[in-house]
**Student:** 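Okay, here's the structure, questions in a sec.
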Amino acid sequence: MWDLLITDTAGGGAIGVAGERIAWTGPAEARPPGGSAAVTWSAGGRVVTPGLVDCHTHLVFGGDRAGEWEQRLAGADYETLAAEGGGIGATVRATRAASDADLLEAAVARAGALAARGVTTVEVKSGYGLDLDTELRMLRIARRIPERAPVDVVTTCLGAHAVPPEFGGDADGYVRFVCDRLLPAVAAEGLADAVDAFCERMAFTPAQVDRVFTAAGRLGLPVKLHADQLSDGGGAALAARHRALSADHLEHTSPDGVASLAAAGTVAVLLPGAAYVLRDDAVPPVAALRAAGVPMAVASDCNPGTSPVVSLPLALHLACTRFGLTVAEAIAGATTHAARALGVHDAGVIAAGARADLVVWDADHPAQIVYWLGLDPVAAVVKRGRFVKGGPA
Ligand code: DI6
Ligand code: FE
């Protein structure tokens, strides 16, 4: 006897749920003997997907950068503003100054917005603290988001996001701090599921990232990388060399970089919100990634500087219209491939044993999930076996 049986999905399927897990799924007529449930609910022929997985966000931060965005609209350049103390540095100041309560409140609001649009699992990075206390605070706050929003959270330490002002431009000295102090403290408290870095001319060199990843490896933490976002810095190959879970952005990745991702089994995470907001015409090498069999994920990259995006379906739309993904690729990119980019094996899929995280869409065809800009047609959401939106009256 299951707790919940959802019948009449768009494909004529049914899904049985026991506790927090999917117990069975298949065509309705193939339901096993005894496959009855305490609650049966018809999806009314609508499309049901796994709960969406947003595998790259920076949800915890203080303040916003709407003013900087206006300056960029008027012609200012992202890297120049950062060099002048704006950009990531501005958000670091606001985050350090914010209370835990205010950071949590704002992060929960953003997580709630993502959840209302179909997300049931979200990755959250640190990286706006850049000192021991604030990096740890960010990760602890990220871990508390599920107390107040219906999502599971996966955390990533992005200590190597930028060089903080107190290091006076000494990137090597800051990398030493990340390797010797920050990562061991994060690991000792079990605060991160992975380690990320920003490999870019305005941030860290491949040699510096290599040191961070080696330190992560010693602590048993998997890695992922902001790679080749603004320029081709060999980030994809570097990520592949460290068997990274994912290499993210990739707007400027070379064919060699694509080949190394394929060989390493690293997921390519595409972040079209950032390219769009930065008005960067560069497009990741989608055809080459597809041809090489590299799994492609799509994420919101929700952050105050380059991607103030709180809708994953909107990011999927941009991935199709701007980057050339098909609808099926986009949906796989926000489910199975996104879960793989996080090293999570029981989300992003409708299969027996997986978490019962499901979205019922006001759609009779998957394209309708991705097609709208700003509608996000979510009819019902099941999170770990319980309806958190819609469902039986
Ligand atoms: N790349 C990005 O797009 C974000 N971080 C990164 O490494 C943006 C960070 C910001 O501008 O606040
Ligand atoms: Fe990012």
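For ligands, and for the atoms within them, numbers begin at 1 and follow the listed sequence. All values below were derived from every heavy atom in this structure, side-chain atoms included, with hydrogens, water molecules and symmetry-related copies excluded.
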**Student:** Verify, without hydrogens or angle tests, whether His317 (side chain) and Tyr371 (backbone) share a donor-acceptor contact under 3.5 angstrom.
**Tutor:** yes
**Student:** Which word best sums up how the rings of His161 and His226 line up, parallel for under 30°, tilted for 30 to 60°, or perpendicular for over 60°?
**Tutor:** tilted
**Student:** Without hydrogens or angle criteria, can the side chains of Glu123 and Thr156 be said to hold a donor-acceptor pair below 3.5 Å?
**Tutor:** yes
**Student:** Please determine whether a side-chain nitrogen of the Lys or Arg among Arg355 and Asp152 lies less than 4.0 Å from a carboxylate oxygen of the Asp or Glu.
**Tutor:** yes
**Student:** If you take all heavy atoms of Ala160 and Tyr174, which pair is closest and at what distance?
**Tutor:** CA-CE2, 4.4 Å
**Student:** Assess the side chains of Thr306 and Asn303: does a donor N or O sit below 3.5 Å from an acceptor N or O?
**Tutor:** yes
**Student:** Measure from NZ or CZ of Arg110 to the centre of the six-membered ring of Phe61, then state whether that distance is under 6.0 Å and the direction lies within 45° of the axis.
**Tutor:** yes
**Student:** What is the ring orientation for Tyr128 with His58, classed by angle as parallel under 30°, tilted 30 to 60°, or perpendicular over 60°?
**Tutor:** tilted
**Student:** Side-chain donor-acceptor pair under 3.5 Å between Ser307 and Asp301, yes or no?
**Tutor:** no
**Student:** What protein N/O/S atoms sit under 2.8 Å from the Fe ion (ligand 2), by chain and number?
**Tutor:** His56 NE2, His58 NE2, His226 NE2, Asp301 OD1
**Student:** What does the 4.0 Å heavy-atom contact list look like for ligand 1?
**Tutor:** His58, Arg65, Tyr78, Ile88, Tyr128, His161, Phe198, His226, Gln229, His249, Asp301, Asn303, Gly305, Thr306
